[in-house]
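Reckoned from all heavy atoms, side chains included, excluding hydrogens, waters and symmetry mates. If you're wondering where the values come from, they're calculated on a predicted model, not measured in any experiment.
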Amino acid sequence: QVQLVESGGGLVQAGDSLRLSCVASGRSFTSYAMGWLRQAPGKERKFVASVNWSGANTDYADSVKGRFTVSRDNAKNTVYLQMNDLKPEDTAVYYCAAGPVYGGNYVYWGQGTQVTVSS
């Protein structure tokens, strides 16, 4: 099993950058694919980015391609989401998630961290 805790959210202006971190606990962290998803108030949770167990493969939502970068440091049990050129539409609660298969469903979730981008 995996427990996930996100951090790094905050209030920033459009065009600014922010780096989110997700610290995981559990023996099986290195075997899990990891993902970032976000949910704006009153809207459904949507996929943002994902990375496989080794960090060699990544995927991004079209809305964040070229601006966001997902990475992981298995030695630190941490997954990152570097967010550059933030836009007001990026405002949401960002969740870290883990799943056994890259590109598959997530089975473990963090509590989320708020990202607010002002225009």
Side-chain angles (χ1 to χ4, degrees):
Q1 60 181 13
V2 177
Q3 293 77 46
L4 308 170
V5 180
E6 305 96 332
S7 64
L11 174 62
V12 298
Q13 294 182 328
D16 286 352
S17 297
L18 206 57
R19 189 194 194 197
L20 305 183
S21 297
C22 173
V23 179
S25 62
R27 292 178 179 272
S28 301
F29 173 74
T30 58
S31 68
Y32 282 89
M34 303 295 296
W36 288 97
L37 301 93
R38 65 189 184 187
Q39 186 170 25
K43 298 184 179 180
E44 295 182 349
R45 188 173 299 182
K46 295 184 176 181
F47 169 81
V48 176
S50 62
V51 58
N52 78 328
W53 69 272
S54 70
N57 301 108
T58 58
D59 192 23
Y60 299 92
D62 289 341
S63 59
V64 305
K65 286 181 179 178
R67 299 189 297 120
F68 290 12
T69 302
V70 63
S71 62
R72 68 190 297 166
D73 186 340
N74 289 337
K76 295 182 178 180
N77 291 339
T78 303
V79 179
Y80 305 97
L81 184 67
Q82 178 66 47
M83 305 184 293
N84 297 327
D85 191 25
L86 284 162
K87 304 177 183 297
E89 51 263 42
D90 295 320
T91 296
V93 176
Y94 283 70
Y95 296 90
C96 177
V101 179
Y102 179 65
N105 295 327
Y106 298 107
V107 296
Y108 300 109
W109 295 82
Q111 296 301 305
T113 184
Q114 177 70 49
V115 173
T116 302
V117 185
S118 63
S119 59

Around W53, counting heavy atoms of other residues, nucleotides and ligands shown, do more than 12 lie under 6.0 Å from its CH2? no
Are P100 and V107 packed together at the side-chain level, in the sense that at least one heavy-atom pair is separated by less than 4.5 angstrom? yes
Y32 and Y108 aromatic centres sub-6.0 Å: yes
Intermediate values then yes/no, side chain to side chain contact (heavy atoms under 4.5 Å, CB included), W109 and C96: CA-CA 6 Å; W109 295 82; C96 177; over 6 Å; no
Tell me whether R45 contacts the main-chain N or O of V93 through its side chain, where contact means a donor paired with an acceptor under 3.5 Å. no
Establish whether L86 and W36 are linked, either directly or via other cluster members, by ILVMFWY side-chain heavy-atom contacts under 4.5 Å. yes
Among D85, D90, N84, which one satisfies side chain to side chain donor-acceptor pair (under 3.5 Å) with R67? D90
Side chain to side chain, S63 and R38, heavy atoms closer than 4.5 Å: yes
Could you check whether the rings of Y94 and F68 sit parallel, tilted or perpendicular, using 30° and 60° as the cut-offs? tilted
Report the C-alpha separation of M83 and L20 in whole Å, then their side-chain angles, then the decisive distance to 0.1 Å, and conclude whether the side chain to side chain contact (heavy atoms under 4.5 Å, CB included) test is met. CA-CA 8 Å; M83 305 184 293; L20 305 183; 3.6 Å; yes
Can you name the closest pair of heavy atoms from A49 and L81 and give their distance? CB-CD1, 4.1 Å
Any side-chain heavy atom of Q114 within less than 4.5 Å of one from T91? yes
Tell me the closest heavy-atom pair linking Y106 and S50, and the distance in Å. OH-CB, 3.4 Å
Checking Y60 side chain against V70 main chain: does a donor-acceptor pair fall under 3.5 Å? yes
Applying side chain to side chain contact (heavy atoms under 4.5 Å, CB included), run through V2 and M34 and close with a yes or a no. CA-CA 11 Å; V2 177; M34 303 295 296; 5.6 Å; no
R72 versus N52, closest heavy-atom pair with distance: NH1-O, 2.7 Å
Note: A97 and L37 closest approach over all heavy atoms is CB-CD1, 3.9 Å
Could you pull out the closest heavy-atom pair between P88 and A14, with the gap in Å? CD-CB, 4.1 Å
With distance as the sole test, does N74 use its side chain to make a donor-acceptor pair with the main-chain N or O of N77 at under 3.5 Å? no
Please check this pair: side chain of Q13 against backbone of S118, looking for a donor-acceptor N/O pair closer than 3.5 Å. no
When rounded to the nearest 0.5 Å, the distance separating OG1 of T58 from NZ of K65 is 10.0 Å
Let me confirm one number: the OG-CD distance from S21 to Q82, rounded to the nearest 0.5 Å. 9.5 Å
Kindly say whether Q111 contributes a backbone atom to a donor-acceptor pair with the side chain of E6 at under 3.5 angstrom? yes
Heavy-atom side-chain proximity of L4 to Y95 below 4.5 angstrom: no
